[in-house]
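Working notes, beginning with the structure itself.
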Amino acid sequence: MPADLKYTKDHEWLKIEGGNVAVVGITEYAQDALGDLVYVELPSIGRSLKKGEDFAVVESVKTAAEVYSPVTGEVVAVNDDLPDNPEKIKESIEAGWIAKIKMTDPADMEGLMDKSSYAAFLKGLTG
Amino acid sequence: MSEVVKLNTQNTNPSAHDPVFEKYAAKIGATRALMQEEPLLFEKEQADAPGVDLPELERKKPRTGLAIRDNIGLPQIKEPEVVRHFVRLSQQNYSIDTGFFPLGSCTMKHNPRLNEKLARLKGFAHLHPMQPTATTQGALGLMYRLQNYLADLSGLPAVCLTPAAGAHGELAGMMTIRRAHEAHGNTHKKLVLVPDSAHGTNPATAIMCGYQTKTISTKETGKLTLEAFKEALGDGHDVAAMMVTNPNTCGLFEPEIDKIVELLHKAGAYFYCDGANFNALVGKIRPGDFGVDVMHFNLHKTFSTPHGGGGPGSGPIGVCEALRPYMPVPEVVRDEDDTYRLSMDREDTSLGRLKGFQGQFGMHVRALTYMLSHGADGLKQVAEDAVLNANYILSQLKDDYHVPFAGPCMHECLLTDKFQKDAGVTTSDIAKTLIEFGIHPMTVYFPLVLQGTMLIEPTETETKESIDRFIAIMKMVAEKVRGGETDIFHDYPLSSPRRRLDEVTAARHPKLRWSAAKDQAAE
């Protein structure tokens, strides 16, 4: 769980790149809960997203889950590798990111959790 | 990945290093005792002539201009082998007639054979749906009676029998609501509220009807709380309806439902109740009394008509008086001279027909038979025994498995694998263990409100003996895991025709079409 990431209650991670681009993926906790992944559905580039809107689907043998955008903005890149190699989501942040979103409102970052508060949040969930 | 080696292997291989057996192994195949290894009809040895003698076709000029084919590749199998093929496949099937089937929220209960006897009466079985109604008065009278009994049991005065399954009933119900909103000019109402403990078909239905859905979280208590509802409702201006499964998929009755429905109605929205779990309430309370405006009945759950592949299903809906003008046609009515007819009277207000003819009439016969053979007191006991059996399981397993929401439960109980997961035994492993011991697994990984859920519904027709056997298997698993003996649970099932399937490869690289081995090799 790298220190420079931000986290959501829906188990997305977010990393800021070049000032205003948010790289988004799903956390290890979400990966474990889903089990073996079989498919990832990516958003189209150029799609505008509102904070909290679902923009991708990760499907496992157990279930399919939506991925919610932690910020408002526009999709500027997607990880084309994932639909054919969904297991890459689990490899690393560099290999497993889902989409890059150009943020329109930096205030969206407020309220996201840092590493230690996300760890505390997870502890509350698993009790 | 040692797992892969075990995947999808047949369980009937002879012992290793048996050169004599190996010599004959390909011809002998994998059939052992009553466990039949059955290939597809196309993979069986083909006869040199069709299994049925047909006269030589007189070749006429092709009407399409294309050449007439000599052969369309149908399997050439003789009758005895065709019969064996289907009997063998049927023997690999598992059903409620084979054993315990505690699939939560599906109500896999015994289908009394009296239902079948009456459905096979010539007067019912040989009816044609287009016969003049003067000749079908008995059948129409039966449907009229079923409509009235469903209305009595639900407290919803108008009943439409035609929907063909539970999800079809949901669609009929939500289309009725949409039709009513349209008639009242409420086109701004675009939102349907759905708790996360509802059946998955609920939000799917709302979206099919052109609505957006908003999820109400029930994670804290497994129940729908007034606070969470109020937050989702907001000012209620754009809310068209709420869809709730009650009792919900955590096996709990929603205790605040009356207060919630009061606010919902004040906002001008309707309350849809998924009737899939009506088995817990039938004869005890009426959904109309806790504010339901529309519900569907799964005749194949609550009223014991055949289920799943043995269907067809049947999902009538009941609606409140205010919605009667909008529900689908036809409705069976009794005229003043005591004759019955199929009424299309509401054609200008109704959303119209949703199903050809009169719905699944054979299921109407079975459901009414079930109601009459039980009587009002018997139906009440159905609900009582269903709830008792589920609570018996919960009480026996509550120390061995994590119970996320304290009991008592309704007709099904919810456990999770929390106590076993850290030792490496998951809900999936427990389900596979039940297969090894000849029991159909419970509903797994559903509801989604928690991880590793197991939803167990024994129904009222299961004997104490078979419930006790299930409890013993579950206790055995828990005790072995506590003692650190976990490896075996990753291997089960061992005795089934196939062992663990490679679900990941099946999902990532699905084979959607059969092709002959020689074609596969060429691919």
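Below, read A as the first sequence line, B as the second, and so on, with proteins coming before strands; counting in each chain starts at 1.
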Below 4.5 Å from any heavy atom of chain B, which atoms of A:E87 appear? Answer side chain, backbone, both or neither.
both
Counting only non-hydrogen atoms closer than 4.5 Å, does B:L448 touch chain A with its backbone (N, CA, C, O), its side chain (CB onward), both, or neither?
side chain
Is it the case that more than 12 heavy atoms not belonging to A:E91 sit under 6.0 Å from its CD atom?
yes
Counting N and O atoms only, with roles assigned by atom type, does the side chain of B:R508 sit under 3.5 Å from a partner on the main chain of A:L37, one being a donor and the other an acceptor?
yes
Enumerate the residue pairs fulfilling side chain to side chain donor-acceptor pair (under 3.5 Å) with a member in residues 195-204 of chain B, sequence neighbours excluded, ordered by first and then second residue.
B:S105-B:H199, B:E170-B:T201, B:E170-B:N202, B:D196-B:T218, B:H199-B:D274, B:N202-B:T245, B:N202-B:D274
Verify the neighbour count for atom NZ of A:K51: are there more than 12 heavy atoms of other residues, nucleotides or ligands below 6.0 Å?
yes
B:E231 atom CD: more than 12 heavy-atom contacts under 6.0 Å
no
